[in-house]
Amino acid sequence: MTYPTQPIASHYINGRYVEDTAGDLIQVIYPATGQIIAQVHAATPAVIEQAIASGRAAQAAWAALSGTQRGRVLRRAADLMRAANHDLSVLETYDTGKPYQETSVVDATSGADALEYFGGLAASLTGEHIPLGEDWVYTRREPLGLCVGIGAWNYPTQIACWKGAPALACGNAMIFKPSEVTPLCALKVAEILTQAGLPDGLFNVVQGMGAVGQALVSDTRVAKVSLTGSVPTGRKVYAAAAQGLKHVTLELGGKSPLIIFDDADLENAVSGAILGNFYSSGQVCSNGTRVFVHKAIKDRFLARLTARLQGAVLGDPQDPATSFGPMVSARQLEIAEGYIAQGKAEGARLVCGGARLDRAGFFLPPTVFADVRDDMVIAREEIFGPVMAVLDFEDEAEVLARANDTEFGLAAGVFTRDLARAHRIAAGFEAGTCYINTYNDAPVEAPFGGVKASGLGRENSKAAIEHYSQVKSVYVRMGDLEAPF
Ligand code: NDP
């Protein structure tokens with residue numbers, strides 16, 4: 001591989017690598033072997049201060065450039081990222097354990113899409129002119145200032161770009177804190193941005209656990225926080241940001257429903273269920289983990305699903321032939337195992353999988369439970385692993401009510417050939433992103449985000465611009481000004 005897994009230093013600040021070994025040691029473990037492949041140090045208060053000070057110092061000049069100039073840098077970064085796709089994908093696979101077969105087509109590529117999309121949009125960001133008779137108001141779309149991005153471990157490159165690209169397009173600076181589990185990839189994003197001509201200080205990466213994230217969120221000089229993470233962390237970040245009345249975007253967890261009607265194309269529905277449960281070993285926030293299957297086709301669905309799961313190639317994730325990799329960490333594997341034990345104890349029927357593989361690394365095969373009831377824990381709580389719960393239904397209104405009976409609302413899907421029903425169901429779903437006869441697509445052109453406990457705000461698309469900029473109204477009086485005294 002071209003990139004060594006051990007980075008030059010832990011942090012990337014003001015256009016260069018920075019180290020402070022006084023910070024807590026974070027060991028990076030390759031999920032496929034359990035071996036340590038790199039180590040970094042958590043940011044100390046001095047490192048955090050450097051990141052904040054350099055971001056603040058660089059932001060005003062960046063914001064003063066034209067949108068075309070900012071966009072050019074982002075589009076150049078997109079090209080560099082695509083050119084480095086192989087090496088970045090290898091690194092993403094070391095960082096997360098996701099198979100190269102996935103990382104080579106999803107991670108740096110979708111990061112590049114975000115850089116290209118927001119790079120293209122930057123020049124079109126404008127205010128408006130509001131005539132008021134002789135007087136008028138004009139609005140200016142202005143950046144927020146210094147933004148903080150905090151990432152989860154499942155898509156470290158993509159998350160850094162989904163947050164960094166719109167922030168930079170709008171004229172902000174960003175400090176990104178990756179998950180301590182996957183600290184490597186965001187550093188490469190920062191390097192590429194520098195190579196593309198991004199002025200120093202505008203995209204800083206600092207490592208650390210929750211405490212570093214908390215320190216960043218609580219700093220009065222930070223204007224906005226965008227978190228991708230779990231609901232409990234989201235609540236903490238939201239509360240801390242509220243103290244400073246900061247702007248917040250929260251991309252949190254889910255327990256999304258996938259409804260398969262008896263008129264659905266069965267092979268497509270099975271594909272949707274596989275994509276919505278087993279891609280990235282099930283570690284995807286928008287996964288459709290409650291699969292409601294119409295009673296009339298349940299047996300056929302389960303038969304085709306289990307037959308197709310035999311085709312999953314588990315193994316060395318760096319081998320392009322491997323289609324199913326390990327889970328990200330021993331801890332995440334244990335969490336999933338705990339849910340599997342609970343599913344069995346509650347009387348769900350284990351159809352396949354269910355036990356970790358007897359080999360090095362954190363491998364849990366695709367696991368399917370049938371005869372799951374709505375009140376079972378495995379149907380209510382996010383597992384974040386390759387565990388699918390299949391539930392039966394017969395009636396459209398009933399299944400929609402059951403699908404919505406959750407605190408979450410990230411995504412939802414429906415498979416049916418009846419398009420009137422499909423749109424009726426999509427309209428009825430309480431979810432931020434809905435799918436008809438597909439699942440888990442996330443193009444940068446479409447807004448992505450949750451309702452209810454799954455989050456606030458939207459990433460991607462023009463909608464993200466609203467969350468990284470603010471509108472200033474300027475009132476202009478053309479004539480004399482009267483006053484009562
Ligand atoms: P966590 O909530 O554990 O962590 C998310 C990030 O927040 C990490 O970088 C973490 O640091 C940091 N953090 C933890 N505590 C605090 C705090 N008090 N203040 C500031 N930052 C903090 O999530 P996971 O990393 O385990 O990721 C899995 C979760 O992410 C799942 O629930 C999943 O659904 C969700 N997710 C949502 C997505 C979406 O777009 N909606 C996409 C991907 C995942 P550290 O872990 O280093 O301690």
Side-chain angles (χ1 to χ4, degrees), residues 10 23-24 26-28 40-43 48 95-96 98 106-107 110 114 148-163 175-183 185-186 205-219 222 225-243 246 248-256 279-289 327-329 331-336 381-385 407-411 431-433 440 442 447-460 464:
S10 301
D24 290 343
I26 297 171
Q27 290 183 322
V28 187
V40 295
H41 292 271
I48 294 173
D95 221 2
T96 62
K98 291 184 294 180
V106 163
D107 293 279
S110 66
V148 164
I150 301 176
W153 41 256
N154 55 349
Y155 285 86
T157 303
Q158 185 189 74
I159 293 172
C161 293
W162 279 18
K163 297 187 190 310
I175 301 174
F176 187 78
K177 189 204 85 66
S179 164
E180 74 186 87
V181 181
T182 54
C185 295
V205 176
V206 299
Q207 310 292 351
M209 282 72 94
V212 171
Q214 208 170 356
L216 290 167
V217 176
S218 307
D219 196 284
V222 168
V225 184
S226 176
L227 167 81
T228 297
S230 61
V231 174
T233 304
R235 289 190 210 283
K236 284 187 212 158
V237 166
Y238 201 16
Q243 291 301 312
K246 298 179 201 298
V248 178
T249 299
L250 299 174
E251 296 288 354
L252 308 177
K255 189 75 192 177
S256 301
Y279 208 71
S280 302
S281 291
Q283 302 164 122
V284 181
C285 52
S286 48
N287 270 356
T289 46
M327 297 191 67
V328 76
S329 64
R331 184 172 174 279
Q332 201 60 32
L333 172 59
E334 281 156 20
I335 291 172
E381 295 183 11
E382 183 182 47
I383 299 174
F384 225 59
E407 64 168 322
F408 301 109
L410 191 53
T433 303
N440 260 355
F448 183 84
V451 303
K452 301 200 286 191
S454 290
L456 296 172
R458 292 292 176 269
E459 295 201 295
N460 290 342

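We count ligands from 1, going down the list as the structure has it; atoms in each ligand are counted the same way. Keep in mind the model is a prediction, meaning the values are calculated, not measured. Only heavy atoms go into these numbers, but all of them, side chains included; no hydrogens, no water, no symmetry mates.
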For this session: Before giving the answer on side-chain contact (heavy atoms from CB on, under 4.5 Å), spell out for Trp153 and Thr96 the whole-Å C-alpha distance, their side-chain angles and the decisive distance to 0.1 Å.
Result: CA-CA 7 Å; Trp153 41 256; Thr96 62; over 6 Å; no

Exercise. Would you call Arg331 and Glu180 a salt bridge, taking side-chain N to carboxylate O under 4.0 Å as the test?
Worked result: no

For this session: Give a yes or no answer on whether the side chain of Gln332 reaches the backbone of Ser329 with a donor-acceptor pair at less than 3.5 Å.
Result: no

Problem set entry | Heavy-atom donor-acceptor pair, Asp24 side chain to Ala42 backbone, under 3.5 Å | no

Residue and atom name of the nearest protein heavy atom (relative to [atom]), distance in Å to one decimal:
atom                    : value
atom 4 (O) of ligand 1  : Thr233 OG1, 4.2 Å
atom 17 (C) of ligand 1 : Gly210 O, 3.7 Å
atom 47 (O) of ligand 1 : Glu180 N, 2.8 Å
atom 35 (C) of ligand 1 : Gly229 O, 3.1 Å
atom 9 (O) of ligand 1  : Gly151 O, 2.7 Å
atom 32 (O) of ligand 1 : Glu382 OE1, 2.6 Å
atom 42 (C) of ligand 1 : Cys285 SG, 2.8 Å
atom 10 (C) of ligand 1 : Lys177 NZ, 4.0 Å

Enumerated ligand 1 atoms positioned under 4.0 Å from heavy atoms of [X]:
X      : answer
Leu227 : 6 (C), 7 (O)
Gly213 : 19 (N), 20 (C), 21 (N)
Ala152 : 25 (O), 27 (O), 30 (O), 44 (C)
Gly208 : 47 (O)
Phe448 : 40 (O)

For this session: Determine, step by step, whether Leu216 and Ile48 satisfy the side-chain contact (heavy atoms from CB on, under 4.5 Å) criterion, reporting the C-alpha distance in whole Å, the side-chain angles of both residues, the deciding distance to 0.1 Å, and the verdict.
Result: CA-CA 7 Å; Leu216 290 167; Ile48 294 173; 3.8 Å; yes

Seminar exercise, completed: By ring-ring contact (aromatic ring centres under 6.0 Å, His included), Phe448 pairs with (sequence neighbours left out) Trp162

Could you tell me which non-hydrogen atom of [X] sits nearest to which non-hydrogen atom of [Y], and how far apart they are?
X      : Y      : value
Gln207 : Lys177 : C-CG, 4.4 Å
Leu227 : Leu252 : CD2-CD2, 3.8 Å
Pro183 : Val28  : CG-CG2, 3.5 Å
Lys246 : Val225 : CD-CG2, 4.3 Å

Problem set entry | Side-chain donor-acceptor contact under 3.5 Å, Lys163 with Thr228 | yes

Is the closest N or O pair between [X] and ligand 1 shorter than 3.5 Å?
X      : value
Asn154 : no
Ser230 : yes
Lys236 : no

For this session: Kindly determine whether Val284 and Asn440 satisfy side-chain contact (heavy atoms from CB on, under 4.5 Å), including the steps that lead there.
Result: CA-CA 9 Å; Val284 181; Asn440 260 355; 3.9 Å; yes

Ligand 1 versus [X]: contacting region, heavy-atom distance under 4.0 Å:
X      : answer
Val181 : neither
Val231 : neither
Ile150 : side chain
Val237 : side chain
Tyr155 : neither

Problem set entry | Nearest candidate to atom 19 (N) of ligand 1, where distance is taken over non-hydrogen atoms, out of Gln214, Gln158, Gln207 | Gln214

Problem set entry | Criterion side-chain contact (heavy atoms from CB on, under 4.5 Å) on Val217 and Lys236, from CA distance to verdict | CA-CA 10 Å; Val217 176; Lys236 284 187 212 158; over 6 Å; no

